[in-house]
Structures are given as C-alpha cells and as structure tokens.
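Contents: one structure, followed by commentary.
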Amino acid sequence: MPKHEEIKITGEYIKLDSLLKFAGITDTGGVAKEVVQAGRIRVNGEVCLMRGKKIRPGDVVSVDELDLELSVK
C-alpha cells in the first residue's frame, strides 16, 4: 500500500521538479529531471514526463510507493 503524504503550498501551484525537491524526494533539480524523464512520476494517475508541469492543490503526485497530495496552507 502506498504511503500518503500531504504537502502544503502557499501559492496557486508548484512546478513538478520544485515539488520533488520541496518534498525531499530529490536533492537537486538535476535528479528531479532524471526521475521525471525515467517515467517514475504519475500525476493524478497518469505518467508525467514534463518536469515543469504545474501541480495545483488537489493534485496527487505518485513516486514509486509514495503519494503526495497538494493542499493550500
């Protein structure tokens, strides 16, 4: 069963690569880019290969066995 974590943001959206760094999934933007390009990221259940995709509150980003759900602070 995937681990579920809620991530709170203050703005309208956060870019996917920034979210991966903010959530501690990756240490750098370069690693985030590699993870996205490898097809390991799903946004709302669909594989996402766009590291600059805007992730908004209510979206669920899945990385391997971890689900990140965005909400507003």
Side-chain angles (χ1 to χ4, degrees):
M1 175 138 181
K3 180 180 173 191
H4 189 87
E5 198 172 306
E6 185 176 355
I7 304 294
K8 294 186 181 287
I9 61 170
T10 55
E12 180 183 336
Y13 66 86
I14 186 170
K15 290 187 178 179
L16 180 56
D17 58 351
S18 297
L19 172 65
L20 296 175
K21 291 188 295 183
F22 181 72
I25 304 298
T26 62
D27 293 330
T28 67
V31 174
K33 178 181 175 181
E34 290 175 14
V35 169
V36 172
Q37 288 182 339
R40 292 176 51 199
I41 307 297
R42 296 175 89 74
V43 177
N44 298 324
E46 296 184 16
V47 173
C48 180
L49 300 175
M50 300 180 303
R51 67 181 178 156
K53 179 164 179 65
K54 294 177 182 177
I55 308 300
R56 300 177 189 280
D59 286 343
V60 176
V61 175
S62 303
V63 185
D64 300 330
E65 291 298 313
L66 175 63
D67 291 342
L68 305 173
E69 182 172 356
L70 258 62
S71 65
V72 179
K73 273 189 183 175

Are Val60 and Tyr13 connected in the hydrophobic side-chain network, where two residues link if heavy atoms are under 4.5 Å apart? no
Separation between CG (Asp59) and CG (Asn44), nearest 0.5 Å, reads 4.5 Å
Should Val36 and Ile7 be counted in the same cluster of Ile, Leu, Val, Met, Phe, Trp and Tyr side chains packed under 4.5 Å apart? yes
Partners of Ser62 by side chain to side chain donor-acceptor pair (under 3.5 Å), sequence neighbours excluded? Asp67
Show, in sequence, the C-alpha distance, side-chain angles and deciding distance for Ile41 and Leu16, and conclude whether the side chain to side chain contact (heavy atoms under 4.5 Å, CB included) test is met. CA-CA 9 Å; Ile41 307 297; Leu16 180 56; 3.9 Å; yes
Does a side-chain heavy-atom distance below 4.5 Å link Leu20 with Val63? yes
Residues Lys3 and Glu65 bridged, charged N to O under 4.0 Å: no
Can you spot which of Val31, Leu66, Leu19 makes a side-chain contact (heavy atoms from CB on, under 4.5 Å) with Ile25? Leu66
Looking at every non-hydrogen atom in both residues, tell me the closest pair between Cys48 and Lys53 and how far apart they are. SG-CD, 3.4 Å
Which atom of Lys15 lies closest to which atom of Gly52, heavy atoms considered: CG-O, 3.7 Å
Heavy atoms only: give me the nearest Ser71-Pro57 pair and the separation to one decimal. CA-CB, 4.2 Å
Using the test side chain to side chain donor-acceptor pair (under 3.5 Å), find all partners of Ser18 that sit at least two apart in sequence or belong to another chain. none
To check you understand the geometry: which heavy-atom pair defines the closest contact between Glu69 and Gly58, and what is its length? OE2-O, 4.4 Å
May I ask you to list the residues sharing a hydrophobic cluster with Leu49, side-chain cutoff 4.5 Å, ordered by chain and number? Val47
Kindly state each residue pair satisfying salt bridge (Lys or Arg N to Asp or Glu O under 4.0 Å) with at least one member in residues 19-46, sequence neighbours excluded. Arg40-Asp64
What is the minimum heavy-atom distance between Lys8 and Phe22, and which atoms define it? O-CE2, 3.7 Å
Is it possible for you to say whether Ile9 and Ile55 belong to one hydrophobic cluster, with membership spreading through side-chain heavy-atom contacts below 4.5 Å? yes
